[in-house]
Amino acid sequence: MRAKSIMIVGTMSSAGKSVIAAGLCRIFQQDGLQTAPFKSQNMALNSYITKNNLEMGRAQAMQAEAAGVEPDVRMNPILLKPNSESGSQVIVNGEVYGNMHAKEYYQQKQKLIPVIRQAYESLAAEKDIIVLEGAGSPAEINLRDVDIVNFGMAEISDSPVILVGDIDRGGVFAAVYGTIALLRPEERRRIKGIIINKFRGDISILESGLTMLEELTSVPVLGVVPYLSLHLEEEDSLAAQLHQYRCSPESNLDIAIICFPHISNFTDFAALDGIDAISVRYVTSVQMLGEPDLLILPGTKNTLSDLRWLRQSGLEAAIQKLHQKDCLLFGICGGFQMLGNSISDPDHVEDGGVLRGMELLDMETTFQTKKYRQQIQGSICAISGVLQSLSGCTVSGYEIHMGTTTVHSAIPFTKREDGVYNGYCNPDGNVYGTYLHGIFDTTETTACLIQQLLYRKGLNYPVAVLDLQQEKEQQYNILADTLRQHLDMEQIYRIVNKWEYHA
């Protein structure tokens, strides 16, 4: 039997669609329904590697966790990873389809409808309910004829739709009314409810406006969800933590992360961000850099372009000065590659050519057209230097990169379960790098790292590090409880069950 479905669209990007969809996934799972998320096309710099080594959007992996199911690439058949101002790497069914400029992709994307339909129908044959998520605004009238992610997807899946508006940004009544007004009649008939999201204040002041909104749109308001400060993984550059740049005066440790223009997989730092008395901040200029205890160069979707930006902004020279003062440097994936002597791109995977690296690790990287993707179990090698106490700690996560690194005098730092080294450090033990995303998610390793950083400052006290998976479960349950309290779930179930699905 084909699954029932509900689709969540928003009046704009970052209206809270992903979180509302995740909350509904958890509610349906709690109520005993086999549930799966679905987003036909996702544009994000954060991605997830499945157990069968395929790549999908991080938001759908998060929603799958909320639904209590293993993330599956069918939940996000098309992933766009921006690698320039007007282009993206296109991932289809978890594998690289090609690099395309926006116009080229829009001319071709309707050819991918059979891929989307097959992924959706395959999931729907296995589940009781599918929670779909749209993208951006569904009222982009210049794109409606090639839409495959909002009402185009609602038609493919034959789903009723709930519209989410963000009141925190202001103008929510105009945004909701305007969105509905710009839809075609056949699209408007699918909208069965409105959710006002991110509300702060006295709801009694809002109630008259909600009544007028219902009268104007002929669509019921299903509830008002309060502003929530949840510790859930974000998926794009609008994530609030990327705009945190000051070190809290209460913090004993200052961790700075270079916020590259094409920063990717910044979910690597969620575990660090959840530790008390530690400041985790993102840096985009020399003036913001300061003198952190740990400086991290994260992953990037365009390593060569971001290395040039690092150099032109003056940050590279400032980082070199910090290194001379014995600041601990740490690179992940693209940031790890930058620490080497050079990066070569003979096949024009990115911009082509050869670029000098920061020359802090004795190694060279050469880009290749094949993307390496794999979930990883491994450990930290026997090392000396600042992080000597981490020797032997287990680590897990995933690798996702397009390049091989040739090492000279750099010392092995991390290795995979199969014995292959995937990270290195310098002989002085104050520069470290690895291809392993998620290295800080392992509680033991992160606790040991923080403890060592405290020792360097003459501090010694126990560190409480989050069990990230346990924390996620708690956050999903808090989200579900909040939605049950503030949404008319009986009406949402009626919307799902009374919709006349086609055969």
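Numbers here are sequence positions counted from 1.
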| task | Quick one: sort the H437 and Y398 rings into parallel, tilted or perpendicular, breaks at 30° and 60°. | result | parallel

| request: Taking all heavy atoms of C448 and all of S389, pick out the closest pair and write down the distance. | output: SG-O, 3.3 Å

| remark: Hits for salt bridge (charged side-chain N to carboxylate O under 4.0 Å, His left out) against E350, two or more places apart or cross-chain, chain-then-number order -> none

| task | Only one of Q29, Q30, E65, R26 passes side chain to side chain donor-acceptor pair (under 3.5 Å) with Y476; say which it is. | result | E65

| Where do V286 and A318 come nearest, in terms of heavy atoms and distance? | CG1-CB, 4.2 Å

| message | For N76 and Q41, which I'm curious about, is there any donor-acceptor pair between the side chains at under 3.5 Å? | response | no

| said: Per the ring pair (Phe, Tyr, Trp, His ring centres under 6.0 Å) rule, what does the pair list look like for residues 72-113, sequence neighbours excluded? | reply: none

| Any side-chain donor paired with an acceptor under 3.5 Å for N422 and E399? | yes

| Any side-chain donor-acceptor pair under 3.5 Å between N302 and N83? | no

| Distance only, no hydrogens: is a donor on one side chain within 3.5 Å (strictly under) of an acceptor on the other, for T414 and Y424? | no

| said: So D166 and S14, do their side chains get closer than 4.5 Å, heavy atoms only? | reply: no

| F330 vs Y432 aromatic rings, parallel, tilted or perpendicular, using cut-offs 30° and 60°? | parallel

| message | Under a 3.5 Å threshold, yes or no: a donor from one side chain and an acceptor from the other, between E133 and Q63? | response | yes

